[in-house]
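Here is the structure we will look at, set down as structure tokens.
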2 protein chains.
Amino acid sequence: MPKKNLSTRIREFIMTHIKDGTWPSGHKIPSESEMMKLFSASRMTVHRTVKEMAAQGHLFRERGRGTFVEKDVPRSELLNIGDIAEEIAERGGTYFSQLKFLDREPKSPLTTHVFGVHAGNIARSKVVHYENGNPLQLEDRWVNLDVVPHYLETDFALTTAHQLLMQAAPLQKAEHQLTAALPTQEQQDFLKVQANEPCLLLKRKTWSGDTIVSYAELLYPASRYSFGGVFTPGTK
Amino acid sequence: MPKKNLSTRIREFIMTHIKDGTWPSGHKIPSESEMMKLFSASRMTVHRTVKEMAAQGHLFRERGRGTFVEKDVPRSELLNIGDIAEEIAERGGTYFSQLKFLDREPKSPLTTHVFGVHAGNIARSKVVHYENGNPLQLEDRWVNLDVVPHYLETDFALTTAHQLLMQAAPLQKAEHQLTAALPTQEQQDFLKVQANEPCLLLKRKTWSGDTIVSYAELLYPASRYSFGGVFTPGTK
DNA sequence: TAGTGGTCTAGACCACGGT
DNA sequence: CCGTGGTCTAGACCACTAA
């Protein structure tokens, strides 16, 4: 049994009540002193955990009144490292994916630009992710085979690239750039959209330590997906 | 002299060294124990501050090695409440804006959807923000006149809507939705883009306490602007 | 082994809200 | 007034890195 942090246990305790509806939006959650007793924790630990959850938009706090459940955190929190399959499952949708392309990738200006001149072997995959039968995301991904040697032998019907990468290398950092684009002919076919349907294009580079693990371009039809988030002035 | 938090002073100490180039990207900053002495602070305080800055992408930390300056935080951090004028100024660009429309807004399905049925008087403004002479953002904004009564008398050559709103009501919460769209005819004219130029559309609702202060739709040509961010696994 | 950050404790004082 | 969260202290033990 892997021992979990106290703060992790507190966090999961709160998230469970939010997710299963026991604590609906706006509900007042137990005060810090109450949770100290519940978990035999010090106030600092409870406070730190709850404060972090507030910073992430799950809760909001008012001095003198208490801590409350924030209203629906929109679908996908940006700057979050998420598994699209998990995300769809959480929304209650049915998920499946289709592998469109998988091969070794030759050196090109793009690969050296992303992975640097010392780039070793690189694989490339294209996967379409469906929610309730509709294409939601086209994942065009370049993977560092030095870090994930068995990438080309993956059965993408069983595993998502995300799961594989998380397993191969603990993610330490991710860099995002979000822009908009019109789909190319191939992308239109894969996503089943018209040429004039604007799409969100999320470019994501992920690192483990000092080495780049993977670079991905994730394309979403704007009519089917959007990014959302809540900002509460945290640190100042 | 307003007294500042210890953590604020530590934060500013670090940020100053980063911004003025004393501590370039990748530079190792003083350890927690060193900063304890520098500020006569406890380790918890130093640790908390530095950890927060790491979570926000300014620093990264490695156990056993130290804390380092993160490489350039990309242009605009999403989920940030920023003033576009400030942002452009920080990049060293020249900024100016042009008021295209300003008037009282009649009740409509959209206004009641956003502001609720109890909506009072609402104003609407359209402003184009330029960087180095190029239209960067079209700001289409609805403002609650009960909160900001003098909005219609603003001189937008001198003040941005953002400054005005921050002044009128301390911002407590903002909700974002980010999607992509093609520009309408009017938007094409304002932003000087073609009909087939994909744009990023950021919808932002801001609250002060329980009342909605403003709703804005910010449109950026994708060729001129993108959102970026760094994620470092903070809490787990 | 010495130095680093990760987590936690058991106190403390303060500012604010509602009573 | 009491209960709430905001900040801070002065310790502690642990896990990891580098020499």
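Letters A, B, ... are given to chains in the order of the sequence lines, protein chains preceding strands, and every chain is numbered from 1.
In terms of position along DNA chain C, the nucleotide closest to Ile29(B) lies nearer the 5' end than the nucleotide closest to the other residue of the pair Met44(B) and Ile29(B).
Residue Ile10(A) contributes atom CD1, which lies 13 Å from atom P of dT7(C) at whole-angstrom precision. To the nearest angstrom, C1' of dG18(C) lies 12 Å from NZ of Lys28(A). Spacing between atom CZ of Arg11(A) and atom P of dC8(C) amounts to 13 Å, rounded to whole angstrom units. Spacing between atom CD of Glu32(B) and atom P of dG6(C) amounts to 7 Å, rounded to whole angstrom units. To the nearest angstrom, P of dC16(D) lies 5 Å from CZ of Arg63(B).
A sub-4.0 Å separation between OP1 or OP2 of dC8(D) and a side-chain N or O of Ser42(B) is absent. Phosphate contact (OP1/OP2 of dT9(C), side-chain N/O of Thr45(A), threshold under 4.0 Å): present. Phosphate contact (OP1/OP2 of dG5(D), side-chain N/O of Arg65(A), threshold under 4.0 Å): absent.
Nearest nucleotide to the side chain of Leu6(B), out of dA10(C), dT7(C), dC8(D): dC8(D). The side chain of Ser7(A) sits closest to dC8(C) out of dT17(D), dA15(D), dC8(C). Taking only side-chain atoms of Arg43(A), from C-beta outward, the nucleotide of dC8(C), dT7(D), dC8(D) with the closest atom is dT7(D). The side chain of Ser33(B) sits closest to dT4(C) out of dT4(C), dG5(D), dT9(C). Of all nucleotides listed (dG17(C), dT9(D), dG5(D)), dG5(D) comes nearest to the side chain of Arg61(A). Counting only heavy atoms from C-beta on, Lys51(B) has its side chain closest to dT7(C) among dG5(D), dA15(D), dT7(C). The side chain of Asn5(B) sits closest to dT7(D) out of dT7(D), dC8(C), dG6(C). In this structure, the nucleotide among dC8(C), dG6(D), dG6(C) sitting nearest to the side chain of His47(A) is dG6(D).
Looking at heavy-atom distances under 4.0 Å, Thr49(A) makes no contact with the nucleic acid at all. Counting non-hydrogen atoms under 4.0 angstrom, Arg48(B) reaches the backbone sugars and phosphates but no base.
Considering only heavy atoms from C-beta on, Ile18(A) comes within 4.5 Å of Leu59(A) through its side chain. Side-chain contact between His47(A) and Arg61(A): present, with at least one pair of heavy atoms (C-beta onward) separated by less than 4.5 Å. For the pair Tyr151(B)/Arg141(B), a side-chain contact is recorded, criterion being any heavy-atom separation below 4.5 Å from C-beta on.
Interatomic distance, Gln137(B) CD to Leu202(B) CG, rounded to the nearest 0.5 Å: 8.5 Å.
In summary, of the residues considered (His113(B), Arg204(B), Lys203(B)), a side-chain contact (heavy atoms from CB on, under 4.5 Å) with Tyr215(B) occurs for Lys203(B) alone.
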